[in-house]
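Bear in mind that the values here come from a model prediction, so they are computed numbers and not experimental data. Residue numbers start from 1 in every chain, and the chains themselves are labelled A, B, ... in the order their sequence lines are given, proteins ahead of strands.
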2 protein chains.
Amino acid sequence: MKPLQNDSLIPLYHQLKERLKTSIDDGQWKPGDKIPSENQLMKEYSVSRNTAKKAIEELVQDGLLYRLQGKGTFVAKPKLQQSLMGLYSFSKVFKEKGLVPKDIVIEIKEVKPSYEIITELQLAEEENVIEMKRLRCVDDEPYVLESSFFPKRVVPDISLLKRVGEISLYDLLEEGLNVVVTRAKEAFEPVLIRSEESEYLQTKEGNPALLLERIAYGSDGVPVEFCRSIVRGDRCRFYTELT
Amino acid sequence: MKPLQNDSLIPLYHQLKERLKTSIDDGQWKPGDKIPSENQLMKEYSVSRNTAKKAIEELVQDGLLYRLQGKGTFVAKPKLQQSLMGLYSFSKVFKEKGLVPKDIVIEIKEVKPSYEIITELQLAEEENVIEMKRLRCVDDEPYVLESSFFPKRVVPDISLLKRVGEISLYDLLEEGLNVVVTRAKEAFEPVLIRSEESEYLQTKEGNPALLLERIAYGSDGVPVEFCRSIVRGDRCRFYTELT
DNA sequence: CAGTGGTCTAGACCACGCA
DNA sequence: GCGTGGTCTAGACCACTGG
């Protein structure tokens, strides 16, 4: 264990913060693990308790750690999952009402990517993608038609994807394929339901809908998923609160 | 100046934080004002410097204060304005492209509120509202049709609202009417352009659009504005980033 | 009871902005 | 040179958790 540089321009608590962060990013400490106490860090790095505390507090602020009085300090679940879950407030609302969400996989296949997908996923030439098309229902009523595209190198074995429905897509990517999504960009705009979509969504062509596009990035910053969703306008309403 | 309660269940830094927050909410300290230094707070409230610092740091975290090394600690602009501005990324995008935003006030009048507006604005019986209808354009092309409703007690003098266009609505409410918006709820859903709207927005009936509804709350938690916007779907795309 | 995090103090040295 | 915030230390007492 290298000591921290006391004469450095970088504050001690910041150096310590980076050390702790590294241990998390490495996977040395996993979500739910207990990390060393303030007292242990104090001795190990020869800093005061307040300095150790400040390093930890910043990581709590960043959402990487959480603390329980009398118990200890623990590694938090990656933040993005919380955000992703949080965004889809309409599905949460359904669950709160006691309705049952259900996903139907329409098809999973290898396809040649369109020009748009090549650029969004930053694909190499001649690289194919895996498309997974799903109909997401609540109480057997469809409300989202969703196509996810993955670079083939990310999902070498298609059969793994078939377990979607049992567990969430992001858990599947993380546990089955060791792909952790750390960042995502989303864009949305209002559109009209098209005839191909109207069949799946059991609604009329020309009805209002939301087109939602998401690019998810892995921990190395490389795009791992491009997802395009059509959400029925008569079945959803999005809420945000500004404080 | 009452001293803080040293034997209280509430931590000293939290008590101090509330005192400081009150001075801001009161309007005693206004945005841009310099607040007392850590040294002054130390003496004034008989606490250690670290305690004063912690109170200030939390308020910085909350976005109410900002600090400049060597200069002092200052009151920040209300956070909501930043968020509200941030949300309308499409208008920002227009500005970055060098396009000119412009608002046209269609009408300002006193009306009897609909049932929906009575409940959203928590109106008393027989209380009228002021409606302001605006067409918001970019480069003389309309992109949002917006109606704001205010309880009459909030805007006793209609003529003030006519200055919208020179300065932003929220600055107007704050400076002219002493109404500070501190919180807002928004909801949106995809809809179709209706015929009344199509004339103003110069687009066809049945085209995709976004219906955006916002309730803005004053510092006392009472609703001060209900706003309903129709945004042209072919002229906007909303972006969010999840990290 | 020992160990944890939560709070608090009294002091110290530093880098920065400004007159 | 002085006041500001930024960092850091050494020590203290507390409330909570668990064995």
Side-chain angles (χ1 to χ4, degrees), chain A residues 1-21 23-24 29 31-76, chain B residues 1-21 23-24 29 31-76:
Chain A
M1 185 62 58
K2 276 189 200 164
L4 304 178
Q5 298 178 298
N6 209 327
D7 55 350
S8 160
L9 304 165
I10 302 159
L12 283 173
Y13 75 89
H14 197 275
Q15 294 181 48
L16 179 51
K17 183 182 168 184
E18 291 305 316
R19 298 278 185 109
L20 299 177
K21 192 145 74 174
S23 295
I24 297 170
W29 297 335
D33 283 2
K34 186 167 179 294
I35 76 162
S37 71
E38 293 181 356
N39 257 312
Q40 288 173 287
L41 293 174
M42 230 175 116
K43 291 169 194 160
E44 192 168 345
Y45 291 96
S46 306
V47 292
S48 77
R49 199 181 144 201
N50 273 340
T51 301
K53 183 188 287 290
K54 174 137 189 171
I56 291 174
E57 273 173 353
E58 293 219 341
L59 289 169
V60 170
Q61 198 62 46
D62 295 346
L64 293 175
L65 297 176
Y66 63 93
R67 320 193 77 180
L68 297 176
Q69 198 178 57
K71 297 188 75 173
T73 303
F74 304 85
V75 178
Chain B
M1 183 62 57
K2 276 189 199 163
L4 304 178
Q5 298 179 297
N6 209 326
D7 55 349
S8 160
L9 303 165
I10 302 159
L12 284 175
Y13 75 88
H14 197 274
Q15 294 182 47
L16 179 51
K17 183 182 167 184
E18 291 304 318
R19 299 279 184 109
L20 300 177
K21 192 145 75 175
S23 296
I24 297 170
W29 298 335
D33 283 2
K34 186 168 178 292
I35 76 162
S37 72
E38 293 180 356
N39 256 311
Q40 288 172 285
L41 292 174
M42 230 175 117
K43 291 169 194 160
E44 191 168 346
Y45 292 96
S46 305
V47 293
S48 76
R49 198 179 147 203
N50 273 341
T51 301
K53 182 189 286 292
K54 175 138 188 171
I56 291 173
E57 272 173 352
E58 292 217 343
L59 289 169
V60 169
Q61 198 61 46
D62 294 347
L64 293 176
L65 297 176
Y66 62 93
R67 320 194 77 182
L68 297 176
Q69 199 178 53
K71 296 191 72 172
T73 302
F74 304 85
V75 178

(message) Is the shortest side-chain heavy-atom distance between A:Val75 and A:Ile35 below 4.5 Å?
(response) yes
(message) Measure NZ/A:Lys43 against C1'/D:dT9 and give the value in whole Å, please.
(response) 17 Å
(request) Quickly work out the A:Lys53 NZ to D:dT7 P distance and round it to whole Å. (result) 17 Å
(request) State whether B:Tyr13 places a side-chain N or O below 4.0 Å from either non-bridging phosphate oxygen (OP1 or OP2) of C:dT7. (result) yes
(message) Nearest 0.5 Å, please: how far is CD1 in A:Ile10 from CG in A:Leu16?
(response) 13.0 Å
(request) Classify the nucleic acid contact of B:Lys54 as base, sugar-phosphate or nothing, counting any heavy atom under 4.0 Å across all strands shown. (result) sugar-phosphate
(request) Could you tell me the separation between the OH atom of A:Tyr45 and the P atom of D:dT9, rounded to a whole number of Å? (result) 15 Å
Find every protein N or O atom lying less than 3.5 Å from an N or O atom of nucleotides 10-13 of chain D, and list the pairs.
residue, atom, partner, partner atom, Å
D:dA10, N6, A:Asn50, ND2, 3.0
D:dA12, N6, A:Arg49, NH1, 3.1

(message) Using modelled atom types and a 3.5 Å cut-off, is there a donor and acceptor pairing between side-chain atoms of B:Gln40 and backbone atoms of B:Ser37?
(response) yes
(message) Nearest to the side chain of A:Gln40, heavy atoms from C-beta on, is which of C:dT4, D:dG5, C:dT7?
(response) C:dT4
(message) Quick check for you: to the nearest 0.5 Å, what is the distance between B:Trp29 atom CH2 and B:Leu64 atom CG?
(response) 11.5 Å
(message) Measure CD1/A:Ile56 against P/C:dT4 and give the value in whole Å, please.
(response) 11 Å
(message) Walk me through whether A:Gln15 and A:Leu12 qualify under side chain to side chain contact (heavy atoms under 4.5 Å, CB included).
(response) CA-CA 5 Å; A:Gln15 294 181 48; A:Leu12 283 173; 4.3 Å; yes
(request) Look up atom CG in B:Leu59 and atom CZ in B:Arg67, then write down how far apart they are to the nearest 0.5 Å. (result) 10.0 Å
(request) Indicate, with a heavy-atom threshold strictly under 4.0 Å, whether A:Leu12 touches base, sugar-phosphate, or nothing. (result) sugar-phosphate
(request) To the nearest Å, give me how far apart CG (B:Leu9) and P (D:dC14) are. (result) 14 Å
(request) Indicate whether OP1 or OP2 belonging to D:dT7 is found under 4.0 Å from a side-chain N or O atom of A:Thr51. (result) no
(message) Is B:Ser37 close enough to D:dT4 that one of its side-chain N or O atoms is under 4.0 Å from OP1 or OP2 there?
(response) yes
(message) Tell me the interatomic distance from B:Ile10, atom CD1, to C:dG6, atom P, rounded to whole angstroms.
(response) 18 Å
(message) I need the A:Leu65 CG to A:Glu57 CD distance, nearest 0.5 Å.
(response) 11.5 Å
(request) Quick one: pull up NZ in B:Lys53 and OH in B:Tyr13 and give me the separation to the nearest 0.5 Å. (result) 15.5 Å
(request) To the nearest 0.5 Å, tell me how far B:Arg19 CZ sits from B:Tyr45 OH. (result) 5.5 Å
(message) Can you measure A:Leu41 atom CG to D:dC8 atom P for me and round it to whole angstrom units?
(response) 15 Å
(request) Could you identify which residues of residues 66-74 of chain B place a heavy atom less than 4.0 Å from some atom of DNA chain D, listed by residue number, or say none? (result) B:Arg67, B:Leu68, B:Gln69, B:Gly70, B:Lys71, B:Gly72, B:Thr73
(request) Please state how far atom CE in A:Met42 lies from atom C1' in C:dG3, giving the value in whole angstrom units. (result) 14 Å
